[in-house]
Amino acid sequence: MEFVPGWFSQTLPQISPRPLALIRIDADWYEGTRDVLINLYPMLSDGGYVIVDDYKLEGCRRAVDEFRVQHRVFNKIQICDEEDGVVYWKKETSK
């Protein structure tokens, strides 16, 4: 595990590519959620999971939904905790 302090937009582009099994996003807002997905999703291994906190917040939901459309992510979003807005999906195996 590696902790990288700083703003997502400044730190994530500097992370060396590596396979990830899990991406847990607790960014709350549009920009942070978008930055995490843009920078880390390409590193997510097939069969890996994305967990998003705060999907109930408009900005977070918009960032997730836009990213999924733009990157043709069709895996169903599963609700983990409806009250807190926690959702997840499994990355489909590449063909």
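These values consider heavy atoms only, across backbone and side chains, with no hydrogens, waters or symmetry-generated copies.
With a 4.5 Å cut-off on side-chain heavy atoms, F8 and R34 do not count as touching. In this structure the side chain of M43 reaches within 4.5 angstrom of the side chain of I15, judged on heavy atoms. In this structure the side chain of L57 reaches within 4.5 angstrom of the side chain of D54, judged on heavy atoms. No side-chain heavy atom of I51 sits under 4.5 Å from any side-chain heavy atom of I23. In this structure, the side chains of V52 and C60 come closer than 4.5 Å at one or more pairs of heavy atoms. R68 has its side chain within reach of I77: a pair of non-hydrogen atoms, C-beta onward, lies under 4.5 Å apart. Residues Y41 and I25 fail the side-chain proximity criterion, which asks for heavy atoms closer than 4.5 Å.
Follow the hydrophobic side-chain contacts under 4.5 Å out from V64 and you reach I38 in the same cluster. Both F67 and L12 are assigned to one and the same hydrophobic cluster, defined by single-linkage of ILVMFWY side chains at heavy-atom distances under 4.5 Å. There is a path of hydrophobic side-chain contacts, each under 4.5 Å, that joins L44 to L40.
The shortest heavy-atom contact between D35 and S9 is OD2-CB, 3.3 Å. The two residues E83 and K56 come nearest to each other via the heavy atoms O-NZ, 3.0 Å.
With values rounded to the nearest 0.5 angstrom, K90 atom NZ is found 15.5 Å from K76 atom NZ.
Within the structure, the salt bridge (Lys or Arg N to Asp or Glu O under 4.0 Å) test picks out the following pairs touching residues 13-27 (sequence neighbours left out): E2-R18, R24-D53.
For R61, the side chain to side chain contact (heavy atoms under 4.5 Å, CB included) partners two or more places apart in sequence, or in a different chain, are Y55, D65.
Here the side chain of S45 pairs a donor or acceptor atom with the backbone of L20 at under 3.5 angstrom. A donor-acceptor contact shorter than 3.5 Å is absent between the side chain of D84 and the backbone of V86. Not a single donor-acceptor pair under 3.5 Å links the side chain of N75 to the backbone N or O of K91.
A 6.0 Å sphere centred on CH2 of W29 holds no more than 12 heavy atoms belonging to other residues, nucleotides or ligands.
A donor-acceptor contact closer than 3.5 angstrom is absent between the side chains of E58 and Y30.
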